[in-house]
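Encoded as structure tokens, the structure appears first; notes follow it.
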Amino acid sequence: MKLFIDTANLDDIEEIASWGVLSGATTNPTLLGQVEGDEDEIYRRICEIVDGPVSAEVVAGDVATMIAEGTRLAAIHPHIVVKLPTSREGLSATSALARDGIRVNMTLCFTANQAILAASAGAAFVSPFIGRFDDINEDGLGRLAEIVEAFAASNFETEVLAASVRTPVHVMEAARMGADIATIPPKVFHQMLHHPLTTAGIDTFNEDHAARLARRGA
Ligand code: G3P
């Protein structure tokens, strides 16, 4: 499973990119609203930091505007992937953009049938949301598993991009079930990495090394 970062915060992207674990990034209007500056310049900077697909979301209600804005966003950088909602208009715009060779990530996907439609429209990625199910006391990972199972059986080329990730367990379970990608908030990356026994073990090794050097008068 590939790891993407789910943020528009350049400092967070640079930090996690420095770990050497990133294959892409995703943004959305909410995440972009948390960052100051010109939208296109932010996308350009993310594309320079991350050597992989960078999702930039279209905010439009009609197909023609979705296509026009998606085409404009795709021209910003070769890494840009156009993000569209899994709606009737989003499907029409996705199939048109895909025919033009522009990659689309269909987002706000909540069912296997929505994901199947996204794949059939030619989306390069589909983003099933996990956490928003959990937020309303439903089983987000269960819905993701249905999509992963259906895509494996149908041999779709569209990649399943697990989104709305809230915890390290979401990441682990998405990997265990075979999702192609998980897009992960910066906070969860840090939670994935941290373990108190690792920290304690590093401290002990450093102390024992220092004690040995002290005994040798180093
Ligand atoms: O960016 C798409 C998705 O990961 C956002 O999820 O539920 O945290 O807004 P959420």
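Count residues from 1 along the sequence. Hydrogens, waters and symmetry mates play no part in the numbers below; they use all other heavy atoms, side chains included. Counting starts at 1 for both ligands and their atoms, following the listed order.
Closest protein heavy atom to atom 6 (O) of ligand 1: Ser164 CA, 3.3 Å. Nearest non-hydrogen protein atom to atom 4 (O) of ligand 1 is Asp6 OD2, 2.6 Å. The protein heavy-atom contact nearest to atom 9 (O) of ligand 1 is Arg132 NH2, 2.7 Å.
Residues Ser120 and Ile116 have side chains in contact (heavy-atom distance under 4.5 Å, counting atoms from C-beta outward). Considering only heavy atoms from C-beta on, Met177 comes within 4.5 Å of Leu144 through its side chain. Side-chain contact check for Val104 versus Lys83: every heavy-atom pair is 4.5 Å or farther apart. Val165 places none of its side-chain heavy atoms less than 4.5 Å from the side chain of Asp6.
Using a 4.0 Å cutoff on heavy atoms, Arg166 counts as a contact of ligand 1.
Contact atoms of ligand 1 toward Lys83: 1 (O), 2 (C) (distance under 4.0 Å to a heavy atom of the residue). Set against the non-hydrogen atoms of Asn28, the atoms of ligand 1 under 4.0 Å away are 1 (O), 2 (C), 5 (C).
Remark: side-chain polar atoms of His170 are paired, donor with acceptor, to backbone N or O of Arg166 under 3.5 angstrom.
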